[in-house]
Amino acid sequence: MKLSIITLHSIYNPGSVFQAFALQKYLLSEGYDVEIIDYRPSYSTIGKNKLKGYLRKILFFKNQYILKQKYEEFINSTMILTNKRYHTFRELEQNPPIADVYMSGSDQLWNMDYDCGRDLSYYLGFVEKNKKKIAYSTSIGKKNIPSEEMNLIISRVKDFSSISLREESSCEQLAVRLNKEIAWVCDPVFLISVEVYRKMITRIIKEKYITVYLSDKGDLLNAVINDIRKKTDYKVILIGGNRTRCSCDRHVKDMGPYDFLSLIYYSEIVVSSSFHATAFSLIFNKKFGVILPPKNGERIESILNLCGLKSHLIGSINDISIIYEDVDYSKINIALTDFVDKSKSVLRNSIEY
């Protein structure tokens with residue numbers, strides 16, 4: 001059976017490329033013929049704020065160039081893409097890839113705070129009416145979905161034969177509106193063995209360190225860093241982005257996918273506002289703390305609730321001590337395994353039936 005997946009596979013963000021890689025790798029291991037549609041709209045390389053996107057490319061040309069090389073190497077060496085590259089919905093509509101089942105993959109594809117959430121491509125609008133359309137672990141990204149946005153999403157997905165989402169609350173809202181079961185499933189990065197990721201890892205930093213990723217600059221982050229410096233001799237490694245958000249010993253600005261995995265894996269503690277940094281902290285059984293982002297934090301809360309780790313959300317200075325505590329992963333890994341097994345069953349059934 002031929003599957004075509006459309007997702008955010010080519011954005012230079014570790015979470016995006018790893019969810020695409022993992023979804024395809026799992027489906028290939030199940031015996032499906034799988035390709036990722038090489039869809040690269042112009043907004044995917046610039047970002048939401050186009051002026052900032054162009055300025056970033058100019059001001060940080062060297063870092064951006066190295067970043068691009070690292071990501072393109074990963075994409076080209078680990079993913080099977082369509083021979084044709086598409087840049088617009090019109091191109092997809094005029095010459096769609098041929099498949100038995102079309103899948104809208106994971107990541108925040110239906111979050112209308114971003115360009116992708118308003119792009120018909122990610123709702124499989126280019127697929128012929130007689131073809132099967134499904135969604136796996138797609139994300140709307142927020143708990144409170146404005147009625148205008150919800151109505152638009154409903155109008156675009158009502159002909160999907162199966163839908164599963166990454167946030168539990170979104171499942172409930174969509175199920176009521178569509179009058180059908182919407183499954184809550186895991187992000188694709190959980191679908192494959194931790195051993196697959198371990199084979200991609202090489203130690204980059206020899207000293208003991210903590211990793212800080214995608215946390216906004218602010219008093220709370222500064223308080224966390226100050227506490228770590230006071231209580232440990234760990235180096236502080238800030239990864240990703242071009243702006244230095246906190247006091248650090250090293251800022252890795254040209255971080256590629258393999259760098260991300262390695263830096264999380266060997267870190268003593270992970271502090272982030274990122275879903276995928278949290279996901280890999282769980283996969284690698286790390287000590288961690290999450291400073292919940294002001295928007296789009298629902299997916300992080302969902303996975304932490306499942307694992308009984310809501311206490312690892314850092315909302316004030318009183319919560320910082322949690323990052324030093326050992327985590328009993330024996331029960332957590334069982335809960336995650338059960339959730340992953342259920343998600344795999346949902347995915348297989350959505351394809352086959």
Side-chain angles (χ1 to χ4, degrees), residues 2-13 15-24 27 33-50 53 71-72 75 79-142 145 148-167 170 174 178 182 187-188 296 347 350-351:
K2 180 69 175 289
L3 308 180
S4 278
I5 302 169
I6 189 163
T7 188
L8 300 175
H9 72 289
S10 62
I11 291 179
Y12 300 154
N13 170 281
S16 293
V17 296
F18 276 116
Q19 62 81 22
F21 158 75
L23 180 57
Q24 184 175 57
L27 290 170
D33 180 8
V34 192
E35 65 182 6
I36 293 173
I37 299 171
D38 197 8
Y39 179 54
R40 305 196 185 200
S42 59
Y43 61 77
S44 67
T45 60
I46 297 298
K48 185 178 180 181
N49 188 313
K50 293 176 175 56
Y71 273 90
E72 288 300 328
I75 292 164
M79 301 181 201
I80 301 169
L81 308 178
T82 53
N83 291 327
K84 179 175 175 55
R85 179 172 293 179
Y86 303 88
H87 297 96
T88 65
F89 171 75
R90 183 68 176 153
E91 289 178 6
L92 278 165
E93 193 175 38
Q94 289 178 332
N95 186 21
I98 305 302
D100 299 301
V101 178
Y102 294 85
M103 184 186 300
S104 182
S106 187
D107 222 331
Q108 297 190 67
L109 301 186
W110 298 348
N111 186 344
M112 293 195 181
D113 290 344
Y114 302 105
D115 289 321
C116 60
R118 299 185 179 275
D119 187 340
L120 276 171
S121 305
Y122 295 110
Y123 299 89
L124 302 175
F126 58 89
V127 177
E128 295 177 9
K129 288 186 178 180
N130 63 330
K131 293 289 187 176
K132 186 172 185 177
K133 300 195 286 188
I134 63 176
Y136 176 77
S137 191
T138 310
S139 175
I140 300 174
K142 48 198 170 188
I145 307 167
E148 178 191 349
E149 294 181 8
M150 177 60 84
N151 290 338
L152 197 53
I153 292 169
I154 294 298
S155 70
R156 292 177 174 183
V157 303
K158 60 186 178 183
D159 61 342
F160 278 53
S161 62
S162 173
I163 297 172
S164 60
L165 300 177
R166 200 166 56 178
E167 297 99 6
S170 297
L174 228 60
L178 288 170
I182 308 294
D187 184 277
N296 307 333
L347 178 53
S350 70
I351 294 169

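All values derive from a computational prediction rather than experimental measurement. Values below: every heavy atom of this structure, side chains too, minus hydrogens, waters and symmetry copies.
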If I compare all heavy atoms of A22 with all of P188, which pair ends up nearest, and what's the gap? CB-O, 3.2 Å
Can a donor-acceptor pair be found, under 3.5 Å and without considering hydrogens, that links the side chain of Q19 to the backbone of S16? yes
Which atoms form the tightest heavy-atom contact between G105 and T138, and what is the distance? O-OG1, 2.9 Å
Rounded to the nearest 0.5 Å, what separation is found between the CG atom of L124 and the CD1 atom of I5? 11.0 Å
Scan the side chains in residues 152-160 for donor-acceptor partners under 3.5 Å anywhere in the protein, sequence neighbours excluded, and list what turns up.
{"unit_1": "S155", "atom_1": "OG", "unit_2": "L152", "atom_2": "O", "d": "2.7"}
{"unit_1": "D159", "atom_1": "OD1", "unit_2": "K133", "atom_2": "NZ", "d": "3.4"}
{"unit_1": "D159", "atom_1": "OD2", "unit_2": "K133", "atom_2": "NZ", "d": "2.9"}

To the nearest 0.5 Å, what is the distance between CD1 on I351 and CG on L3? 5.0 Å
Regarding E35 and K2, does a basic nitrogen lie under 4.0 Å from an acidic carboxylate oxygen? yes
Distance in Å, I37 CD1 paired with M103 CE, rounded so as to fall on 0.5 Å steps: 11.0 Å
Do S137 side-chain atoms and S106 backbone N/O form a donor-acceptor pair below 3.5 Å? no
In terms of the angle between their ring planes, are W110 and Y123 parallel, tilted or perpendicular, with boundaries placed at 30° and 60°? parallel
I'd like to know whether D38 forms a side-chain hydrogen bond (donor to acceptor under 3.5 Å, both in side chains) with H9, so could you lay out the CA-CA distance, the side-chain angles of the two residues, the decisive distance to 0.1 Å, and finally the verdict. CA-CA 8 Å; D38 197 8; H9 72 289; 2.9 Å; yes
Identify the heavy atoms of I145 and S170 that sit nearest to each other, and give their distance. CD1-OG, 4.2 Å
By salt bridge (Lys or Arg N to Asp or Glu O under 4.0 Å) - contacts of D119 (at least two apart): none
Enter the distance from I80:CD1 to I36:CD1 here, rounded to the nearest 0.5 Å. 8.5 Å
Show your working on side chain to side chain contact (heavy atoms under 4.5 Å, CB included) between S10 and I75 and close with a plain yes or no. CA-CA 7 Å; S10 62; I75 292 164; 4.2 Å; yes
Are any of the side-chain heavy atoms of E149 and R118 separated by less than 4.5 Å? yes
Evaluation steps, side chain to side chain contact (heavy atoms under 4.5 Å, CB included), between I163 and L174: CA-CA 9 Å; I163 297 172; L174 228 60; 4.2 Å; yes
Is it true that atom CD of E148 has more than 12 heavy atoms of other residues, nucleotides or ligands lying nearer than 6.0 Å? no
Answer yes or no: is there a donor N or O on one side and an acceptor on the other, between the side chain of K142 and the main chain of N111, under 3.5 Å? no
Backbone N or O of N95 within a donor-acceptor pair of the Y86 side chain at under 3.5 Å? yes
Measuring from Y39:OH to K84:NZ, what's the distance to the nearest 0.5 Å? 12.5 Å
Residues that S104 engages under side-chain hydrogen bond (donor to acceptor under 3.5 Å, both in side chains), provided they are two or more places apart: none
Close side-chain approach of P97 to L92, heavy-atom, < 4.5 Å: yes
Heavy-atom closest contact (V34 atom, Q24 atom, distance): O-NE2, 3.2 Å
Centre-to-centre under 6.0 Å for Y43 and Y114, is that the case here? no
About how many Å separate CD1 of I182 and CG of L165, when rounded to the nearest 0.5 Å? 6.0 Å
Heavy-atom closest pair, residues S44 and I11: O-CG1, 3.9 Å
Intermediate values then yes/no, side chain to side chain contact (heavy atoms under 4.5 Å, CB included), Y102 and I6: CA-CA 8 Å; Y102 294 85; I6 189 163; over 6 Å; no
Do Q108 and L8 touch side chain to side chain, with heavy atoms closer than 4.5 Å? no
Is any side-chain heavy atom of S139 less than 4.5 Å from a side-chain heavy atom of E167? yes
Which pair of heavy atoms, one from F89 and one from F126, lies closest together, and at what distance? CE1-N, 3.5 Å
